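Beneath this line is the structure, given in structure tokens, with notes to follow.
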Amino acid sequence: MIIKKFAFGNENEAFVEERFGSNLNIIFSNDNNKGKTLVLQGIMFAIGNEAIFPAGFDQSKYYFFVSFELNNKSFEVLRKNDFFCISLDNEMHIIESVSDFKYFFDRKIYKLPEIVHRSFPKLVDLNLFYQLFFVGQDKRDTSTIFN
């Protein structure tokens, strides 16, 4: 997955980051509390993860947008709370729950792994899938961040 652009905001404030390259990207600052973690958490939230934002940040007040490429296809996702609007192949898809987005993600974006739960195959939740890619700061263990 190659992130092209990320943004979040509302009618009063907005942040847009589009300086991503097609290889490794390093987000850094010489100071703390400048939004580095918020950018990563916002990208993950936009593509279906549960909210894991810092205490005091009310994500329900913001729209989250991410544009990315995967397997030579371009995707744009706009998320507000549990409502998703996805642009793919010149079509707009409206999804009204995180659960439905998980199945859309599996069918249209990337095949999710399955686990056996109570003797039946089950798609992993996006939280489990994203745990593989997020390393929190301050010696936090991602298995304790997600439910």
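As the structure is a computational prediction, the values presented were derived from the model and not from experiment.
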Original post:
Can you list the steps and then say if N49 with Q41 is a side-chain contact (heavy atoms from CB on, under 4.5 Å)?
Top reply: CA-CA 9 Å; N49 199 58; Q41 292 169 339; over 6 Å; no
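Within the structure, side chain to side chain donor-acceptor pair (under 3.5 Å) contacts touching residues 1-14 (residues at least two apart or in different chains) are K5-E18, E13-Y62. The stretch residues 90-105 participates, sequence neighbours left out, in these salt bridge (charged side-chain N to carboxylate O under 4.0 Å, His left out) pairs: K102-D125.
Expressed to the nearest 0.5 Å, how far CD1 of I27 lies from CD1 of I43 amounts to 6.0 Å. Between I3 atom CD1 and F20 atom CZ the span is 6.5 Å, to the nearest 0.5 Å. Note that CE of M44 is 10.5 Å distant from CD of E50, once rounded to the nearest 0.5 Å. Here the CG-CG distance, from D106 to L123, works out to 4.5 Å after rounding to the nearest 0.5 Å. Atoms NZ and OG, on K80 and S60 in that order, are 6.0 Å from each other to the nearest 0.5 Å. Within the model, atoms CD1 of I2 and OG of S67 stand 11.0 Å from one another, a figure rounded to the nearest 0.5 Å.
Using cut-offs of 30° and 60° for the angle between ring planes, the F53 and F64 rings count as parallel.
One hydrophobic cluster, built from ILVMFWY side chains closer than 4.5 Å, cannot hold both F83 and F75; they sit in different ones. V124 and F101 fall within the same hydrophobic cluster, where Ile, Leu, Val, Met, Phe, Trp and Tyr residues are linked whenever their side-chain heavy atoms come under 4.5 Å apart, directly or through other members. Hydrophobic clustering (ILVMFWY, side-chain heavy atoms < 4.5 Å, transitive): Y63 and F8 are in distinct clusters. One hydrophobic cluster holds both L112 and L88 under the rule that ILVMFWY side chains link at heavy-atom gaps under 4.5 Å. Note on V66 and F104: same hydrophobic cluster, where clusters join Ile, Leu, Val, Met, Phe, Trp and Tyr whose side-chain heavy atoms are under 4.5 Å apart, directly or indirectly.
Closest approach of V16 to A7, counting heavy atoms only: CG2-CB, 3.8 Å. In terms of heavy-atom proximity, P54 sits nearest to L38 at CD-CD1, 4.3 Å.
Counting heavy atoms from C-beta on, the side chains of F15 and V39 come closer than 4.5 Å. Residues I86 and E76 form no side-chain contact, since every pair of their non-hydrogen atoms from C-beta on lies 4.5 Å or further apart. In this structure, the side chains of C85 and M92 come closer than 4.5 Å at one or more pairs of heavy atoms. Side-chain contact between I109 and F68 is present, with at least one heavy-atom pair separated by less than 4.5 Å.
The cationic atom of R79 (NZ for Lys, CZ for Arg) lies less than 6.0 Å from the six-membered ring centre of F45 and within 45° of the ring axis.
Although no hydrogens or angles enter the test, the distance criterion places a donor-acceptor pair under 3.5 Å between the side chain of N25 and the main chain of N23.
Partner F84 forms a side-chain contact (heavy atoms from CB on, under 4.5 Å) with one of I94, V98, L78 and no other, that one being V98.
The 12-atom threshold is not exceeded at OH of Y110, counting heavy atoms of other residues, nucleotides or ligands nearer than 6.0 Å.
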